[in-house]
Amino acid sequence: MAPGIDLVVTDLDGTLWDHNVELHPTTRSALDTLAREGVPVLAATGRRKASALRGFDRAAVSFPAVTVNGAFGFLPATGENTEVEFHRHPFEVEFGLGILEIYRRFGHVPVAYNLDGTTHLSPNATTSAKHIASFGDDAVHAEPEEAMNLGAVVGLSLIGLDDRETLRELGAALQALDVPTDPYTEAIYGGWSISAQPPGVNKWLGVQRYCEFAGLNNPRVLALGDGSNDVELLSGADVSLGIDGGESVALAVADVVVPPPEGGGWAKVLDYL
């Protein structure tokens with residue numbers, strides 16, 4: 001194996017675990033090997049903090065995490081150690097309020113993902129019913145503008161909708177203002193989805209902030225991902241593994257394509273350490 005990988009960064013859904021949040025036995029074994037070898041693993045996900053923690057609990061794993069596609073980073077609480085935040089990049093208030101106006105112009109009211117892991121969920125939110133049902137006690141039942149005025153919003157989302165064309169038009173309007181976003185097919189909720197982060201935010205930014213926090217100077221990074229929100233991550237890494245069946249834009253920048261999580265493809269990381 002080629003030596004020198006200092007950090008493994010992995011997307012979660014459709015990469016580390018399948019869409020039932022289950023790990024293949026060979027993936028779990030590979031994680032154990034990395035732990036024995038002292039190679040840290042960082043999660044980089046579109047999930048918000050609370051959702052990532054639920055996934056960790058279900059899969060019985062725990063890593064430092066970059067969430068909301070690079071807008072927030074934290075170390076989960078372990079044992080007697082409390083949670084530690086290492087990165088935050090919320091929307092600037094006035095800019096964010098203008099972005100919400102654009103959503104409303106297209107007939108949509110998004111869910112606001114907040115710094116503390118909660119969501120501001122409007123009674124008029126246009127995300128799918130299944131997405132709404134997933135929030136439980138994480139939901140603050142108020143308009144997203146309320147959270148934006150507090151400077152607390154790290155992401156906006158509409159998940160599992162049927163109107164692909166309107167989401168594409170909305171995405172183009174947001175991208176014109178340098179808001180990172182991309183309509184995508186939704187494997188868990190079905191339909192089409194769109195997420196938005198503050199300008200300049202992507203998963204690779206979160207990785208850089210983690211490396212600064214952890215004292216990793218010019219580390220060699222191996223990254224895995226399957227979606228359009230992984231392009232900057234895969235492009236920035238020294239070694240990049242795309243996931244078979246993933247989005248074409250991610251596969252186009254990956255060095256190697258490995259089997260999907262239900263086939264244990266994640267364990268291929270061991271070939272490159």
Side-chain angles (χ1 to χ4, degrees), residues 11-14 16-22 43-59 61-62 65-74 76-77 83 85 88-91 96-97 99-100 103-104 106-163 167 170 174 179-198 201 203 206 227 229:
D11 175 50
L12 296 178
D13 297 286
L16 178 68
W17 54 53
D18 65 20
H19 295 297
N20 293 315
V21 194
E22 295 181 357
T45 179
R47 289 180 178 237
R48 58 198 171 85
K49 181 177 73 172
S51 178
L53 288 172
R54 282 198 289 270
F56 288 162
D57 286 344
R58 180 166 179 174
V61 296
S62 183
V66 172
T67 60
V68 198
N69 292 322
F72 184 80
F74 73 105
E83 180 181 297
E85 175 188 319
R88 61 167 60 193
H89 194 128
F91 281 95
L97 291 173
I99 294 302
L100 288 173
Y103 273 88
R104 291 182 182 273
F106 280 88
H108 282 293
V109 179
V111 179
Y113 289 178
N114 300 327
L115 284 164
D116 63 1
T118 63
T119 60
H120 264 57
L121 179 64
S122 167
N124 301 310
T126 53
T127 197
S128 67
K130 187 174 180 180
H131 189 214
I132 290 172
S134 72
F135 297 128
D137 293 339
D138 298 337
V140 177
H141 295 282
E143 299 298 329
E145 285 83 358
E146 176 182 295
M148 196 68 77
N149 273 311
L150 296 173
V153 178
V154 286
L156 300 166
S157 72
L158 296 167
I159 304 292
L161 302 179
D162 294 329
D163 190 357
L167 292 187
L170 170 60
L174 296 177
V179 175
T181 187
D182 188 23
Y184 62 96
T185 55
E186 176 53 55
I188 296 177
Y189 293 97
W192 289 84
S193 302
I194 187 169
S195 62
Q197 292 78 237
V201 169
K203 290 184 179 183
N229 60 342

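Index from 1, following the sequence. All values below were derived from every heavy atom in this structure, side-chain atoms included, with hydrogens, water molecules and symmetry-related copies excluded. From a predicted model like this one, the values you see are computed outputs, not experimental measurements.
The shortest heavy-atom contact between Gly55 and Val21 is O-CG1, 3.7 Å. Across all their heavy atoms, Pro110 and Pro144 have their closest contact at O-CG, 3.8 Å. Glu143 approaches Pro123 most closely through the heavy-atom pair OE2-CD, 3.7 Å. Nearest heavy-atom pair across Val201 and Ala71 is CG1-N, 3.5 Å. The two residues Leu158 and Tyr103 make their nearest non-hydrogen contact at CD1-CE2, 3.9 Å. Minimum heavy-atom separation, Val154 to Pro198: O-CD, 3.4 Å.
A search for side-chain contact (heavy atoms from CB on, under 4.5 Å) contacts involving Ser195 returns Asn69, Tyr184, Gln197, not counting sequence neighbours. Contacts of Thr118 classified as side-chain hydrogen bond (donor to acceptor under 3.5 Å, both in side chains), with partners at least two apart in sequence or in another chain: Asn114, Asp116. Under the side-chain hydrogen bond (donor to acceptor under 3.5 Å, both in side chains) criterion, Asp13 pairs with Trp17, Arg47, sequence neighbours left out. His131 is linked by a ring pair (Phe, Tyr, Trp, His ring centres under 6.0 Å) to Phe135, Tyr189, counting only residues two or more places apart in sequence or in another chain. In this view, Asp57 satisfies the side-chain contact (heavy atoms from CB on, under 4.5 Å) rule with no residue, not counting sequence neighbours. When the salt bridge (Lys or Arg N to Asp or Glu O under 4.0 Å) test is applied to Glu146, no partner is found at least two apart in sequence or on another chain. The salt bridge (Lys or Arg N to Asp or Glu O under 4.0 Å) test applied to Glu22 returns no partner, not counting sequence neighbours. Every residue meeting the side-chain contact (heavy atoms from CB on, under 4.5 Å) condition with Asp138, not counting sequence neighbours, appears here in chain and number order: Arg48, Ala50, Arg54. Residues satisfying the side-chain contact (heavy atoms from CB on, under 4.5 Å) test with Leu150, not counting sequence neighbours, are Ala152. Contacts of Arg88 classified as salt bridge (Lys or Arg N to Asp or Glu O under 4.0 Å), with partners at least two apart in sequence or in another chain: Glu85. In this structure Glu145 satisfies the side-chain hydrogen bond (donor to acceptor under 3.5 Å, both in side chains) test together with Arg104, sequence neighbours excluded. Under the side-chain hydrogen bond (donor to acceptor under 3.5 Å, both in side chains) criterion, Asp11 pairs with Thr15, Lys203, not counting sequence neighbours.
Interatomic distance, OG1 of Thr126 versus NE2 of His108, reported as 5.0 Å (0.5 Å rounding). Distance check: Thr181 OG1 to Leu170 CG gives 7.0 Å after rounding to the nearest 0.5 Å. With values rounded to the nearest 0.5 angstrom, Ile194 atom CD1 is found 11.0 Å from Asp163 atom CG. Note that OG of Ser51 is 10.0 Å distant from CZ of Phe56, once rounded to the nearest 0.5 Å.
Ser193 pairs with exactly one of Ile159, Leu167, Leu161 by the side chain to side chain contact (heavy atoms under 4.5 Å, CB included) rule, that one being Ile159.
Between Leu53 and Pro76 there is a side-chain heavy-atom pair separated by less than 4.5 Å. Proximity of Met148 to Ile99: side-chain heavy atoms (C-beta onward) are nowhere separated by under 4.5 Å. Contact check for Val140 versus Leu121: no side-chain heavy atoms found under the 4.5 Å cut-off. Between Asn149 and Leu97, some side-chain heavy-atom pair lies under the 4.5 Å cut-off. The closest side-chain heavy-atom distance from Glu83 to Lys49 is below 4.5 Å. A heavy-atom distance below 4.5 Å is not found between the side chains of Phe91 and Leu100. With contacts defined as side-chain heavy-atom distances shorter than 4.5 Å, the pair Phe72/His89 does not qualify.
The closest donor-acceptor contact from the side chain of Thr119 to the backbone of Ala112 lies at 3.5 Å or more, if one exists at all. Side-chain atoms of Ser122 come within 3.5 Å of backbone atoms of Asn124 as a donor-acceptor pair (strictly under, hydrogens ignored).
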Next on the checklist: Show, in sequence, the C-alpha distance, side-chain angles and deciding distance for Ile132 and Thr127, and conclude whether the side-chain contact (heavy atoms from CB on, under 4.5 Å) test is met.
Outcome noted: CA-CA 7 Å; Ile132 290 172; Thr127 197; 3.5 Å; yes
